[in-house]
Number of protein chains: 2
Amino acid sequence: MHDDDIANIMRALGHPVRLNILRFLASQQQGECCCGDVTESLPLAQSTVSQHIKVLLDAGLIERKAHGTRNRYTIRHDRLEEVSSAFGGLLDGLSFRAPQKEAEPA
Amino acid sequence: MHDDDIANIMRALGHPVRLNILRFLASQQQGECCCGDVTESLPLAQSTVSQHIKVLLDAGLIERKAHGTRNRYTIRHDRLEEVSSAFGGLLDGLSFRAPQKEAEPA
DNA sequence: CGGAATGATCGGTGAATTGCGATGAACATG
DNA sequence: CATGTTCATCGCAATTCACCGATCATTCCG
């Protein structure tokens, strides 16, 4: 994963409403979870929620499955794994300046 | 850590230049690392770099120490730990909708 | 004290984000 | 086919972001 991808995903995660939506989806996982449900759980207009959902979609964090007249959204756990490891890698890279040598000064 | 804090930090991490700056700081850790050094490593104006540094500062990800006429910047590893665990917690919360029951169906 | 260097901050510009209501496409149902 | 539901998308306004050059405060040095 490149910096741009990571940055993209971080930006997608960088809004409290979006975190809320993700959490809501996670909590509803097994059942229905359409845009309307999400909208009801938030003090925002439907169009705004749809917008936020689109950001999450574009970042690849959620998935849309058409289901009759509704759209069912689910979290992409596979992607979450990737994000997790990319983030871990990022933090690793930042920690104590990844030494070039294979052993630390004994 | 609240959603707003997490979102804030994610937003701070949500720009490739800022990731670059962090990495650069990490790589220079032991020595000097002032704004000028960072600026030289990027195709951006000094004021822009300073701006990005401010974002990282505000997010608490780096630290400024005055050092004569220069400012020395360092990564706040303590904070990075916090971020790491907060992020882990977030992902945990999103994974497989944290079951209410203490045991899974055996 | 008079430069020179460093770098934060200010003002400005254009692009992107966030929010909204309104519209329109897709689908189910009578 | 007409109607109702769901929701993505389209303007639109307000705010924030990213970037820049210019300026100003601080500090060092002669």
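Since the model is a prediction, treat every value here as computed from it, not as a measurement.
In the set dA8(C), dA18(D), dC27(C), dC27(C) carries the atom at the smallest distance from any side-chain atom of T69(A). In the set dC20(D), dA8(C), dT18(C), the nucleotide with an atom closest to the side chain of H15(A) is dT18(C). Distance from the side chain of S50(B) is smallest to dG7(C) among dC7(D), dG7(C), dC19(D). Of all nucleotides listed (dT9(C), dT18(C), dC7(D)), dT9(C) comes nearest to the side chain of S47(B).
Between the NE2 atom of H52(B) and the C1' atom of dC19(D) there is a distance of 8 Å, given to the nearest Å. Taking atom CG of L57(A) as the reference point, atom P of dC7(D) lies 13 Å away to the nearest angstrom. Rounding to whole angstrom units, CG of residue L44(A) and P of dT17(C) are separated by 17 Å. Distance CD (Q51(B)) to C1' (dA8(C)): 10 Å, rounded to an integer number of Å. Protein atom CD of Q46(B) is 11 Å distant from nucleotide atom P of dT9(C), rounded to whole Å. Separating the CG atom of L56(B) from the P atom of dG7(C) is a distance of 16 Å, rounded to the nearest angstrom. Look at CZ on R70(A): it is 17 Å from P on dG4(D), rounded to the nearest Å. Distance, E40(B) CD to dA5(C) P: 14 Å, rounded to whole Å.
For the pair R11(A) and dC17(D), the criterion of a side-chain N or O lying under 4.0 Å from OP1 or OP2 is not met. For R64(B) and dG7(C), the shortest distance from a side-chain N or O to OP1 or OP2 is not below 4.0 Å. Considering only side-chain N and O atoms, T48(A) lies nowhere under 4.0 angstrom from the phosphate OP1 or OP2 of dT18(C). In this structure, N71(B) reaches the dA8(C) phosphate: one of its side-chain N or O atoms is under 4.0 Å from OP1 or OP2.
Distance check, rounded to the nearest 0.5 Å: CG of D37(A) to CZ of R72(A) gives 10.5 Å.
V55(B) and L94(A) are not part of a single hydrophobic cluster, where members link through side-chain heavy atoms under 4.5 Å apart. Hydrophobic clustering places V17(A) together with V38(A) (ILVMFWY residues linked when any side-chain heavy atoms are closer than 4.5 Å, directly or through intermediates).
Proximity of T48(A) to H52(A): side-chain heavy atoms (C-beta onward) are separated by under 4.5 Å at one or more points.
Between the side chain of S84(B) and the main chain of L80(B), no donor-acceptor pair closer than 3.5 Å is present.
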